[in-house]
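Report on the structure given below.
Keep in mind that this is a model prediction, so the values were computed, not measured. Naming convention: chains lettered A, B, ... in sequence-line order (proteins, then strands); numbering from 1 in each chain.
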2 protein chains.
Amino acid sequence: MKDVASHAGVSTATVSRVLNGHAAPTQETRARVLAAIEELGYRPNALARSLRTTATKTFGLVISDLVNPFFAEIARAVEQEARAHGYCVVLANADESAEQQTTYVRTLLDRRVDGLLVCPATDDAAWMDEVVATGLPLVLLDRSVPGADCPVVRVDGAEALADLAATLVGAGHERVGVIAGPSDTSTGRERLAQFGSALAELGHPVHPDHVVHGDFRWESGKQAAAKLMGLPDRPTALVAMDNLMGLGALEQVRELGLSVPGDVGIAVYDDQPWFPLLDPPLTVIAQPTVEMGRAAARCLIALIADEQPPDVDLTARLVKRGSCGETGRG
Amino acid sequence: MKDVASHAGVSTATVSRVLNGHAAPTQETRARVLAAIEELGYRPNALARSLRTTATKTFGLVISDLVNPFFAEIARAVEQEARAHGYCVVLANADESAEQQTTYVRTLLDRRVDGLLVCPATDDAAWMDEVVATGLPLVLLDRSVPGADCPVVRVDGAEALADLAATLVGAGHERVGVIAGPSDTSTGRERLAQFGSALAELGHPVHPDHVVHGDFRWESGKQAAAKLMGLPDRPTALVAMDNLMGLGALEQVRELGLSVPGDVGIAVYDDQPWFPLLDPPLTVIAQPTVEMGRAAARCLIALIADEQPPDVDLTARLVKRGSCGETGRG
DNA sequence: TTGTAAGCGTTATCAG
DNA sequence: CTGATAACGCTTACAA
């Protein structure tokens with residue numbers, strides 16, 4: 001920067017002013033400075049700038065699992081919205097681990113990001129205290145945690161789950177097995193509770209033995225399906241509460257040589273562009289991932305602008321594709 | 001930091017020494033400092049530290065498309081390996097756009113990352129000059145660019161493509177349609193060339209009309225398939241040179257009411273855990289994504305350590321699952 | 001309109 | 001072993 005200044009015959013202060021689009025400098029000096037910058041190929045040091053201004057124009061995004069396409073879509077949407085507002089996104093992948101999440105949150109705090117977007121791995125909110133202590137704007141995404149007081153962007157699946165319950169019952173399913181998420185996540189608990197009560201209301205309560213908790217990943221879904229289908233009074237349909245567990249369940253069912261939906265129906269939470277191409281096309285509960293990411297980013301931007309954005313509640317919806325036998329029987 | 005210093009009755013220099021694990025401080029002063037840090041909940045400012053040390057302990061990773069699961073897997077692997085070596089990864093998503101890629105590279109340079117990992121969106125290497133000018137360690141991943149002189153981590157698919165060609169011919173396919181990648185990407189060109197020459201050697205050269213270029217994304221694959229299947233002398237098999245285009249092609253073929261592999265065979269480049277669950281299970285060329293990511297990160301670390309790491313060449317392999325009719329006919 | 005100078009939170013050099 | 005002190009590269013009153 002000193003080089004640029006001397007090259008243009010001005011002070012560093014003027015260079016800085018040109019760089020930051022201040023009104024002060026003359027057209028003429030501005031041109032000289034710009035020319036010098038061009039000639040020297042100068043690029044400002046964002047570190048030094050941030051140290052001085054205490055703003056990094058960066059968001060930290062901590063997601064639970066990057067290879068889960070649901071979160072990948074969210075990440076992309078967050079990043080697009082952030083960029084549209086001049087922010088850059090540092091993405092951290094917690095891999096569904098609470099400790100790793102804490103580590104990352106700390107790293108991001110140390111780097112002085114301007115705001116934090118977190119999809120909490122578990123209910124354990126120890127990491128939140130540190131964030132709150134620094135007063136850093138924070139938005140929770142997808143999952144909430146018990147005593148948190150910060151904006152939350154989530155999706156309400158109650159209605160969709162009720163629709164699914166009705167569809168299953170309508171298709172003649174007597175016993176529905178549920179592959180639920182971890183009970184120390186809000187989505188794990190809520191989806192199970194909402195679906196359970198919807199089925200109960202229809203007179204087909206879920207049998208306690210027909211509920212297995214997984215960890216939102218493929219392998220756990222596969223094992224859960226194995227367990228459920230090994231039961232003497234096995235379910236006639238399986239509902240997995242996230243896409244990875246659903247795929248694991250489908251794989252297991254196939255390995256058992258069962259046909260879907262003939263021998264057993266399957267429905268899963270989350271949709272993917274290629275789900276219609278599966279054998280069979282899966283009936284799903286679709287979440288508005290792009291809207292989630294965008295809303296969360298906007299929420300954080302509002303928070304940074306000292307506004308008080310409300311929670312965002314989006315709605316999931318049922319997409320029937322026949323994997324529960326609903327076309328044939330319902 | 002000043003607070004910590006006065007709390008512990010030492011100077012900031014000593015606090016710094018404790019923080020950085022210098023040998024100097026006494027056990028006793030060290031303990032006092034640590035206690036003060038704990039009590040005040042002090043966290044060092046990574047920005048200031050980096051400004052002083054000119055090291056950020058951060059890699060920049062620019063990928064072509066985050067929602068392409070192939071790249072998501074790579075990103076995850078890079079991040080794991082980097083973390084194991086004490087580096088943090090800033091992920092930027094170019095969305096297959098050259099301009100966006102340039103923007104991001106610049107942003108990362110400005111933030112003074114310690115090294116850059118790039119999956120180039122196109123052959124256009126204008127962005128590289130800026131990187132080279134700064135002398136920043138750079139590693140290319142998945143795709144190479146013409147005159148680049150920096151380590152490249154790539155996958156050799158020649159053998160797998162030859163296997164695929166033989167399999168297709170063996171299954172009785174007379175006319176193979178190719179949905180290739182953009183010809184301004186190394187992978188787009190190479191895969192087409194290698195596959196083409198393999199088929200030619202077997203006496204079944206690809207007809208020029210049977211080659212359509214896409215952009216490595218779903219929609220382009222779908223359109224390419226529509227075009228190819230609309231031909232009077234349409235192909236008996238379609239080979240898509242990446243997973244997204246392959247899925248698009250499969251969707252199109254299904255919409256046309258064609259059966260796979262009965263009416264048309266399909267094979268795609270890239271594998272995914274759920275490909276066996278598709279209808280039909282797809283025959284693919286699988287790339288070692290995790291190894292790619294890890295190797296690239298290691299390569300960058302070596303470069304930073306002033307070593308001269310060689311290029312890394314991994315190998316893809318054919319996985320037959322029957323979508324080309326190879327079980328029935330081959 | 002422009003320049004001077006202080007300071008952002010660290011680390012590193014040099015005395016003590 | 002420890003403490004002043006000078007950078008690191010930038011922004012921003014304040015003065016001119």
Worked check of side chain to side chain donor-acceptor pair (under 3.5 Å) between B:T58 and B:D114: CA-CA 6 Å; B:T58 303; B:D114 293 343; 6.0 Å; no

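Protein atom CE of A:M1 is 13 Å distant from nucleotide atom C1' of C:dA5, rounded to whole Å. One atom, CZ of A:R112, and another, P of C:dG9, lie 8 Å apart when rounded to the nearest Å. The CG atom of A:L51 sits 14 Å away from the C1' atom of D:dT12 (whole-angstrom rounding). Between B:Y42 atom OH and C:dG9 atom C1' the separation is 7 Å, expressed in whole Å. Between A:D3 atom CG and D:dC10 atom C1' the separation is 14 Å, expressed in whole Å. When rounded to the nearest whole Å, the span between CG of B:N45 and P of C:dG7 equals 18 Å. Between A:I37 atom CD1 and D:dC10 atom P the separation is 10 Å, expressed in whole Å. Straight-line distance from the CZ atom of B:R32 to the P atom of D:dC1: 15 Å, rounded to whole Å.
Contact annotation: the side chain of B:D142 approaches that of B:F71 to within less than 4.5 Å [non-hydrogen atoms, C-beta and beyond]. Contact check for A:L116 versus A:V105: side-chain heavy atoms found under the 4.5 Å cut-off. Side-chain contact check for B:L303 versus B:V139: some heavy-atom pair is nearer than 4.5 Å. Side-chain contact between A:L138 and A:L136: absent, with no pair of heavy atoms (C-beta onward) separated by less than 4.5 Å.
Considering only side-chain N and O atoms, B:T14 lies nowhere under 4.0 angstrom from the phosphate OP1 or OP2 of D:dT2. Side-chain nitrogen and oxygen atoms of B:T12 include none within less than 4.0 Å of the OP1 or OP2 phosphate oxygen of C:dT10.
A donor and an acceptor atom sit less than 3.5 Å apart, one in the side chain of B:R17 and one in the base of D:dG3. In the interface, the side chain of A:R52 is paired with the base of D:dT11 through a donor and an acceptor atom under 3.5 Å apart.
Remark on the helix from C:dT1-D:dA16 to C:dG16-D:dC1: inter-end axis angle 40°, axes from five-pair C1' superpositions, rounded to 10°.
Residue B:C119 comes nearest to B:Q101 through the heavy atom pair O-OE1, 3.6 Å, listed as atom of the first residue, atom of the second, then distance. The two residues B:D95 and B:R217 have their closest heavy-atom pair at O-NH1, 3.5 Å.
Here A:S16 lies in heavy-atom contact (under 4.0 Å) with a base. A:T29 comes within 4.0 angstrom of the backbone, heavy atoms only, and of no base. Nucleic acid contact class of B:V10 (heavy atoms, under 4.0 Å, all strands): sugar-phosphate only. Residue contacts for B:R30: at a heavy-atom cut-off of 4.0 Å it reaches no nucleic acid atom on any strand shown.
In terms of position along DNA chain D, the nucleotide closest to A:K2 lies nearer the 5' end than the nucleotide closest to the other residue of the pair A:L19 and A:K2. Nearest-nucleotide mapping onto DNA chain D: of B:T53 and B:A13, the residue sitting toward the 5' end is B:A13.
In this model, a donor atom of one side chain and an acceptor atom of the other lie less than 3.5 Å apart for A:S16 and A:N20.
Nearest nucleotide to the side chain of A:A48, out of D:dG9, D:dC1, C:dG3: D:dG9.
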